[in-house]
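To keep things clear, I will list the structure first and then write my remarks on it.
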Amino acid sequence: LADSSRSADDAAKAEPDVNGTAEASEGTAAPSAPKPAKREFKRLQRAYLAAYLLAVFADWLQGPYVYALYSYYGYQKREVGLLYIAGFASSAVFGTFIASLADLYGRKRLILIFCATYALSCLVKHSPRFEMLLIGRILGGVAYSILFSVFESWFVHEHSTQRFESELLSDTFGKAQFWNGVAAIVAGQIAGCVANASQSKVAPFDAAALVLLVTALIVGRHWGENYGDRGVAMHVGLRNAVHVVVREPKILLVGIAQSCFESAMFTFTFLWTPVLQERFQALGREQLAVEAALASASLAETQVGADFGESVAPASSALAGTLKEIPHGMVFSTYMAMMMFGSKMFVRLMSRGVGVSIILLTTFALGIIGFGAAAASQSFLLVHVAFIGFEVACGMYFPAISTLRAELVPSDQRSAILSIYRVPLNILVVLMLYADWSIAVVCTSCVALMMIGLCTVVRLLWMTNTNTSRSQPDGSLFSAEATASNASENGDEMIELGRASPVKLARPSTRSSKA
């Protein structure tokens, strides 16, 4: 690169660097440091996505057979519910403290511990004893907290340290969510094949343990270590993280929005089967009545009423058999495909200038529609379509909230703060499972959570535009120029919440860092 003191003529004659990143223009000095090569970002992105997607693939391998395994061991609904509650409670209590250790002792090290912990939780499922299954759920809850906090913290830190463009964060999170949907579909099919081939419901958990071993090998070989604030003890760092969440309104609002959406989403994973099953059976009864009425009318017209019983009963019995249960595999695959579609929509909307906050508002609105339809309607088709819309919202939500967290949450306390975000989330899910409410009450509660989340995003957007209007007299409530600032180790990271323009990284100056 040309030196900053070089004249315009000299700069024009300067040879470009090997990566083609140096550009000299007339009257403008070349930058003092080269822009990171695109291949370096691709290398970092591949290293992150490979490990993260293998980790979630191992999680998806277990999903279809957790409840089935507990039922196979002879446990009833109450015992199974207690095991699920233990997992979420473990994530809320133990996972918060353990995940916060990543900032102090290293995020790569904590991810290796995640692989070992989650693999152990899979292996203990070979025992039918309730105590061993309980230990497995506790270990799984700890691992789950690490999975959805430390992976992201590692990647955002590396991305910031290597000074890649901030707009590439949303691209990476969008790809992660898309391929997460692909992993879910493929894992469901592989889990079924493994279970059928081995005639064992434990086999998918063994396969998950092997995938976690591969994940650990990739992390150990291709990931570097990074840390948060290493100058304080764990309890002090966790306390400081709580203070940051409480003192900074925008960080607090992001946590509230995340807790509301994800607690409703985890409740949805238990909810969609009984909701659709109830309406599917009602639809079957309606079709049986229609078939019987049509057959009766036809037989009356042809004067062969004596044969009515012989002709209608077999048809009704066959129809009842086909409508006994919903096609779980097809419905699940449809939902995962819609989640993938949502992740692609996120990338498309961001590329067209739609802001992160607007996308989040859309996801909460779709959630309100989905759970509202489940609470108010008995139509199978209407509820199914509403749930499809909610899955599209999930596909847009995760890359959007990850992008927002990357810009607002300070890097040195990221793992601890993301762990704190999951505490109310897990508490809400435990309460809904423990309360044993009716389906209508649970759906109504999820609507309330979505409305609270919608209000928090509106409040966040309002705060951003209010701050912007102080420096820009013509600023409006939903101005496209709204920005939020967050002091980090590289300077003040600026994210434009009203539109999806590239995020600016401003160097620290003598002026106030407040927006």
Side-chain angles (χ1 to χ4, degrees), residues 54-102 105 109-151 187 191 194-195 198 200-216 219 234 238 262-263 266-267 269-270 415 419-420 422-423 425-434 436:
L54 280 175
V56 296
F57 183 77
D59 182 59
W60 286 119
L61 279 173
Q62 305 171 54
Y65 286 91
V66 175
Y67 194 98
L69 179 65
Y70 294 156
S71 299
Y72 174 75
Y73 284 151
Y75 294 106
Q76 301 302 314
K77 182 179 178 180
R78 182 178 180 276
E79 288 82 5
V80 174
L82 290 175
L83 290 172
Y84 274 103
I85 289 174
F88 285 106
S90 170
S91 181
V93 179
F94 302 110
T96 302
F97 296 99
I98 294 176
S100 64
L101 292 174
Y105 295 106
R109 185 175 290 111
L110 256 291
I111 290 173
L112 294 176
I113 292 176
F114 153 80
C115 295
T117 303
Y118 214 7
L120 183 60
S121 75
C122 294
L123 297 178
V124 298
K125 288 182 172 61
H126 280 275
S127 172
R129 294 177 56 189
F130 185 84
E131 294 81 4
M132 296 300 295
L133 297 176
L134 184 64
I135 292 174
R137 290 298 300 177
I138 293 174
L139 293 174
V142 172
Y144 217 66
S145 183
I146 298 175
L147 173 61
F148 290 103
S149 60
V150 183
F151 277 83
V194 170
S198 62
S200 171
K201 289 181 171 59
V202 188
F205 297 94
D206 295 334
L210 290 176
V211 173
L212 289 167
L213 175 61
V214 176
T215 305
V219 171
M234 183 196 72
L238 192 59
E262 295 186 21
S263 58
F266 281 116
T267 304
T269 61
F270 303 101
S415 297
S419 298
I420 293 170
R422 297 188 63 82
V423 173
L425 183 161
N426 289 293
I427 292 175
L428 288 171
V429 175
V430 168
L431 289 176
M432 289 192 180
L433 291 175
Y434 184 78
D436 196 21

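- Counting all heavy atoms, side chain and backbone alike, Ser198 lies closest to Val194 at OG-O, 2.8 Å.
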One pair to check against side chain to side chain contact (heavy atoms under 4.5 Å, CB included): Leu101 and Arg109. What are the steps and the verdict?
CA-CA 10 Å; Leu101 292 174; Arg109 185 175 290 111; over 6 Å; no
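- Rounding to the nearest 0.5 angstrom, the gap separating the OH atom in Tyr70 from the CD atom in Glu79 is 12.5 Å.
- In this structure, the side chains of Arg137 and Val66 come closer than 4.5 Å at one or more pairs of heavy atoms.
- Tyr75 places a side-chain N or O within donor-acceptor distance of the main-chain N or O of Phe130, the cut-off being under 3.5 Å.
- Aromatic ring centroids of Tyr65 and Phe205 lie 6.0 Å or more apart.
- Contact annotation: the side chain of Phe88 approaches that of Phe266 to within less than 4.5 Å [non-hydrogen atoms, C-beta and beyond].
- Annotation for Val430 and Ala89: closest pair CG2-N, 3.9 Å, computed over non-hydrogen atoms.
- With ring centers used as reference points, Phe151 lies under 6.0 Å from Phe114.
- Heavy-atom contacts from other residues, nucleotides or ligands closer than 6.0 Å to CD of Glu131 number more than 12.
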Begin with the C-alpha distance, continue with both residues' side-chain angles, and end with the deciding distance and a verdict on side chain to side chain contact (heavy atoms under 4.5 Å, CB included) for Val429 and Ile85.
CA-CA 8 Å; Val429 175; Ile85 289 174; over 6 Å; no
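- Remark: Thr117 OG1 to Leu112 CG distance equals 10.5 Å, nearest 0.5 Å.
- Rounding to the nearest 0.5 angstrom, the gap separating the OG atom in Ser90 from the CG atom in Asn426 is 9.0 Å.
- Distance check, rounded to the nearest 0.5 Å: OG1 of Thr267 to CD of Glu262 gives 11.5 Å.
- Between Cys122 and Gln62, some side-chain heavy-atom pair lies under the 4.5 Å cut-off.
- Across all non-hydrogen atoms, the minimal contact from Arg422 to Ser91 is NE-OG, 4.2 Å.
- Atoms SG and CG, on Cys115 and Leu110 in that order, are 11.0 Å from each other to the nearest 0.5 Å.
- Contact between Met132 and Val124 at its shortest, heavy atoms only, is O-CG2, 3.8 Å.
- Every residue meeting the side chain to side chain donor-acceptor pair (under 3.5 Å) condition with Tyr118, not counting sequence neighbours, appears here in chain and number order: Asp59.
- When all heavy atoms of Gly140 and Ser121 are compared, the pair lying nearest together is N-CB, 3.8 Å.
- To the nearest 0.5 Å, atom CD1 of residue Ile138 and atom CG of residue Leu83 are 9.5 Å apart.
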Show the numbers, then the answer: is there a side chain to side chain contact (heavy atoms under 4.5 Å, CB included) between Leu133 and Tyr73?
CA-CA 10 Å; Leu133 297 176; Tyr73 284 151; 3.9 Å; yes
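- Counting only heavy atoms from C-beta outward, the side chains of Val202 and Leu69 approach each other to under 4.5 Å.
- Closest non-hydrogen pair, Leu61 versus Val211, comes out as CD1-CG2, 3.9 Å.
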